[in-house]
Structure formats: C-alpha cells, structure tokens
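All remarks here apply to the structure that follows.
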Amino acid sequence: MSAVLEIDGVHTYYGKSHILHGVSLKVEEGELVALLGRNGAGKTTTMRSVMSLTPPKAGSVKLFGRDLTRASPHKIAVSGVGYVPEGRKIFGHMSVHENLQVPPEISGPWNIETVYELFPRLYERRASKGGRLSGGEQEMLAIARALLLNPKLLILDEPSQGLAPVIVQEVMRTIARMKKEGMSVLLVEQNAMLALQLADRAYVLADGEMVYSGDAATLKADKARMESLAGVSHAA
Amino acid sequence: MYSAFNGLIVGIFYALMALGLSLILGLNGVINFAHGTFMALGGYLAFTIEPYVGFWGSLILAPFGAVVLGLLVERILIRPLYGRDPLFSLLLTFGLAMIMEDLIRTIWGSVGQPFALPNYLNTPLSASLFFLTGYRLVLIAITILVTGALFAVLRYTRIGIRIRAGNADLETISAMGVNIFFLRAANFGIGIFLAGLAGILAAGQLGLSPSIGSSLIMPSFVAIIVGGVGSLIGSVLGGLIIGIASGITAAFFPVAQEVVIYVIMAVVLVLRPRGLLGQEGLFE
Ligand SMILES: Nc1ncnc2c1ncn2[C@@H]1O[C@H](COP(=O)(O)OP(=O)(O)OP(=O)(O)O)[C@@H](O)[C@H]1O
Ligand SMILES: [Mg+2]
C-alpha cells in the first residue's frame with residue numbers, strides 16, 4: 001500500500017497564534033480515515049494546511065507521493081483532492097448548476113450529469129440559488145462539487161454539522177459508496193461515533209497535537225477516550 | 001434635452017470606467033488608481049495607429065494594446081500585493097498613475113491632440129438633431145454591445161461564473177481547483193479592456209490630453225459609490241446618472257457642473273448609504 005496523503009510534523013499558525021504543533025497523519029490508498037477531536041482542537045486547521053489555504057510554517061504535506069507543501073491550493077486540488085469545506089461554502093448567490101460549473105472538470109466517472117444522477121435532488125433544484133437550499137442539499141452540492149474533480153482523495157470537514165439524522169445517514173452512505181468505489185477518504189468529525197462507523201483508522205487531535213492514532217475499532221472500544229470525545233459532540 | 005444628451009455621452013465614459021474599476025475591485029481587491037491612465041493610453045495608442053489601420057482598426061486594436069500593458073503591470077507589480085493590506089495596491093496604482101501620465105506626456109507631448117474621426121461620423125444627422133452625430137450613435141451602440149457581451153460572459157461562461165464565485169469567496173474557488181492567478185489576471189485584463197475602449201471613444205469625442213484619464217477617474221469612483229459597491233449594474237447606472245446630471249447642470253449653472261457629482265454622492269450616501277443597487281447581491 002502507498003500513502004495518498006502523508007502529513008509530517010506540521011506546524012501551522014494564524015498570524016502569531018501557533019495552532020498545530022507538529023501534526024502527523026497518513027491516509028493509505030483506499031482507506032477511510034477519521035480525524036476526531038473536540039471543538040477548536042485544530043481539525044479544520046489541519047485540513048487547511050493540507051489544502052494550503054493556511055500553509056504550514058514547518059513540516060511537510062505529501063500527496064500521492066509528491067511533496068505539495070505550500071503549493072497553490074488549485075494545484076493541490078487538481079492533483080486529485082476533492083475538498084468539502086467546513087460549513088460547505090456554497091456560492092449562495094449562484095444557482096446549483098452554476099455552483100457545479102466552478103470546478104474544472106477532470107475526466108473520469110464523475111461529471112455534471114453523473115453527479116446529478118447521484119443526487120437527483122440537486123437536479124430538481126438545479127435552478128435554485130445555493131443559498132436557498134436546505135443544509136442537506138447544500139452538503140450534497142458541496143460533495144458533488146468536489147467529485148467533479150474526480151479526486152483520488154476526498155476530504156470532508158464535518159459533513160454532518162447541523163443536519164437532521166436521516167440526512168446524516170444519507171451523507172454517510174454516500175461517503176461509504178465513494179470508499180467502495182476506491183476513493184481514499186479523510187473524514188473530519190466532532191461526532192466520533194458517527195465517523196467510527198465507517199472508518200478503518202482514526203486519529204484524535206487535542207489542542208493542536210495528535211493524541212491518538214490507531215484502529216477505529218480499538219478507539220471505539222476505549223470507553224474513557226470515547227467519553228471525552230462524545231462529551232462535546234452531543235453538545236455541539 | 002440637448003444638455004442631458006451631452007451628459008449621457010460623458011456618463012457612458014464614466015460607466016465604462018466604473019464597470020472596469022468595479023470588476024477589478026471585486027475580484028482583485030485592488031482600487032485601481034491607474035485605471036484612468038490605462039484609459040488615456042487606449043486613446044493615445046488609437047491615435048498613433050489610426051493613420052495605419054483607420055478609425056475602425058484602431059477601435060478594435062488599441063484596447064488590446066492597453067490590455068497587454070495591463071497584464072504586464074498585473075503580473076509584475078500587482079500580483080505580489082494580493083492578500084496584503086489593500087493600502088499597498090492603492091499606493092502602488094496611485095504612483096503608477098503618475099508615472100504613466102508623465103510617460104504619456106513624454107511620448108505624445110503635454111498639449112492635447114485632436115483625434116481625427118472619419119467625416120461621415122462627425123457630421124450631425126440633421127439640423128434639428130444637431131447634437132446627434134453618427135459618432136455618438138456608434139459610441140452608444142458599441143457601449144451597449146460591449147456591456148451586453150460582458151454581462152453575458154459573466155452569466156453564461158465558465159470564466160464568468162468563476163469570476164462571480166471568486167468575488168464571493170476566492171479561497172473556496174481555489175480549493176475547488178480554479179487557478180485564481182489566471183482568473184485574477186483575466187479579470188484585470190477585462191477591466192483594462194473597458195478602460196482602453198473608453199479612452200478611444202472619449203478621444204473621438206473630447207480630444208486627447210495626458211490628463212484625460214485623471215479627470216475622468218474621480219467621477220468614475222463616485223459612480224461606483226452612487227451605484228453601490230459590488231453591483232456592476234449599479235456602476236453603469238451610477239455613471240449614467242452623474243454624467244446626465246452634470247450635463248444638465250453645465251447648461252444652466254456651468255460652474256457647478258463638477259460639484260453636482262459630489263452633491264449627488266453625498267445625497268445618496270445620506271439617504272441610502274449602500275448606494276442605489278448595493279447589497280442586492282452581485283450582478284443581479
Ligand atoms: N482564522 C483564525 N484566526 C485565528 N485563530 C483561529 C482561526 N481559525 C481558527 N482559529 C483557532 O484555531 C484553533 C483550532 O481551530 P480549528 O477550526 O482548526 O478547530 P476544529 O478542530 O476544526 O474545531 P471545530 O470542531 O469547532 O470545527 C481554535 O482555537 C480556533 O480558535
Ligand atoms: Mg472545524
């Protein structure tokens with residue numbers, strides 16, 4: 001197996017505040033990896049470091065065997081990373097169909113037609129403004145937008161945030177399907193139980209440092225750790 | 001009627017300038033004080049090549065000349081300032097405007113130059129329509145055509161859709177795989193194209209002088225504020241409104257023809273601080 005993503009000793013700052021203190025993480029080909037942690041642990045910052053939206057000051061980010069630390073975000077994306085950002089970041093003043101025309105289409109199984117087949121609801125709402133969609137529809141749109149790049153690695157930052165349980169299950173089924181079709185997935189969640197249903201392996205971040213890495217099943221069985229993670233996920 | 005029409009013509013120049021300024025402010029985040037000198041440059045380039053390629057040839061070619069220089073400026077001087085305090089690019093373009101204006105003086109002389117129009121364009125259509133020349137009709141037609149084309153590009157093409165998306169959230173489009181360096185350059189180029197075109201059209205109407213750009217740029221900023229920052233249609237509307245208002249004032253109370261622009265701005269800002277079409281969402 002070869003790593004699709006390898007983060008090594010990453011230090012990231014927002015201005016002068018030091019957020020990530022030497023974070024390392026690996027996603028092997030075909031794996032679904034969960035990145036867990038409480039509110040403010042640094043999960044989103046880790047994703048932003050990978051995408052180079054907040055480029056790390058030290059450490060390295062390797063994607064598909066290439067060092068892409070601090071490369072332009074668009075180069076990272078077209079190298080094969082589909083990014084579903086926290087809060088979805090839909091273009092609210094543009095229609096669903098226009099939202100889907102933003103990413104470049106990279107050839108592969110996913111194109112505008114096939115993502116409409118995957119999410120028929122988006123096809124029905126293709127003329128609606130992104131800002132008018134429900135949270136679940138926005139999540140689908142954000143996933144569809146990422147799939148258009150035909151990524152080898154899909155990164156999702158809290159896809160369950162603010163969604164009704166039925167919708168969450170649907171989103172999780174979609175993620176499971178992507179894994180089955182051979183995509184590697186990095187799933188960021190505050191809701192540990194949910195992410196561990198799907199994950200092969202898991203990492204736990206706390207205050208910008210990795211405090212656990214290992215089997216998803218082992219983590220699930222670790223009552224103390226799960227409780228400390230669950231405490232916030234229900235509050236959130 | 002006659003003075004309102006004169007004002008409309010000047011308003012068209014403001015509108016074209018404000019449109020480009022708005023585009024560049026939106027996606028590039030740059031208050032382009034050099035916009036006026038790119039406009040002047042368009043006019044002077046047309047003046048220089050007109051003897052060889054004729055009026056129509058210069059009308060088509062000169063804006064692209066301005067675009068080439070604009071793209072160089074964007075790539076070499078402005079790009080390193082993206083993401084920094086907007087004050088940097090403001091100061092840069094302010095200085096650039098002075099340098100370019102002096103260059104224009106050096107190359108083409110500081111006295112004004114007449115811009116020769118074909119005779120058939122320069123004669124009034126009829127005695128009762130003495131203010132309406134063929135040139136003015138051409139000017140209006142070209143402006144409608146170009147503005148219409150711009151809005152169609154923004155609405156229907158991928159690059160236009162990306163420009164709109166990038167106006168709202170540049171970071172996210174880059175994470176979606178859009179090359180924002182290219183997109184910002186293209187957008188800057190479109191803005192400069194509009195400035196260059198305005199310069200040629202204005203040259204045929206007002207004649208050329210090195211300061212033609214700097215005299216038109218302040219009203220163009222006012223047009224953006226009146227129309228509403230962030231709204232392209234607002235910029236066009238704002239330009240036309242202040243042009244017409246200043247044209248009418250020129251007929252009845254000539255000393256106030258420039259002041260009236262700022263009076264309108266003040267009134268709009270008091271009654272509707274976001275401008276006429278501001279905040280209604282971009283491009284709506
Ligand atoms: N733009 C920013 N500027 C300064 N500090 C920030 C910024 N964004 C996040 N932070 C801080 O960085 C730390 C990590 O934030 P991050 O968003 O990465 O956490 P998270 O694990 O994604 O949390 P959540 O589960 O709430 O999304 C927090 O302390 C947060 O306050
Ligand atoms: Mg987060």
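Below, read A as the first sequence line, B as the second, and so on, with proteins coming before strands; counting in each chain starts at 1.
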(request) Name the option with the most non-hydrogen atom pairs under 4.5 Å to chain B; the candidates are A:Ile106, A:Val102, A:Val78. (result) A:Val102
(request) For chain B, find which of A:Lys75, A:Arg145, A:Met51 contributes the most heavy-atom pairs closer than 4.5 angstrom. (result) A:Arg145
(request) Below 4.5 Å from any heavy atom of chain B, which atoms of A:Leu149 appear? Answer side chain, backbone, both or neither. (result)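 For A:Leu149, the side chain is the part near chain B, not the backbone.
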(message) Under 4.5 Å from any heavy atom of chain B, what part of A:Arg88 do you find: side chain, backbone, both or neither?
(response) neither
Examine distances only and state if a side-chain atom of [X] and a backbone atom of [Y] form a donor-acceptor pair shorter than 3.5 Å.
X: B:Asn167; Y: B:Leu27; result: yes
X: A:Arg70; Y: A:Thr54; result: no
X: B:Ser235; Y: B:Ser231; result: yes

(request) Give a yes or no on whether a salt bridge exists between A:Glu189 and A:Lys43, defined as a side-chain N under 4.0 angstrom from a carboxylate O. (result) no
(message) Can you confirm whether more than 12 heavy atoms, excluding those of A:Lys62, are under 6.0 Å from its NZ atom?
(response)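 Incorrect, the count does not exceed 12.
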(request) Tell me the residues of residues 177-189 of chain B whose non-hydrogen atoms fall below 4.5 Å from those of chain A, in number order. (result)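 Near chain A, by residue number: B:Gly177, B:Val178, B:Asn179, B:Ile180, B:Phe181.
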(message) Angle between ring planes, B:Phe221 versus B:Phe33, binned at 30° and 60°: parallel, tilted or perpendicular?
(response) tilted
(request) Identify the residue among B:Thr143, B:Ile144, B:Ile142 that makes a side-chain contact (heavy atoms from CB on, under 4.5 Å) with B:Ile140. (result)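 The side-chain contact (heavy atoms from CB on, under 4.5 Å) with B:Ile140 is passed solely by B:Ile144 among B:Thr143, B:Ile144, B:Ile142.
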(message) Suppose we screen for side chain to side chain donor-acceptor pair (under 3.5 Å). Which residues come up paired with A:His21, at least two apart in sequence or across chains?
(response) none
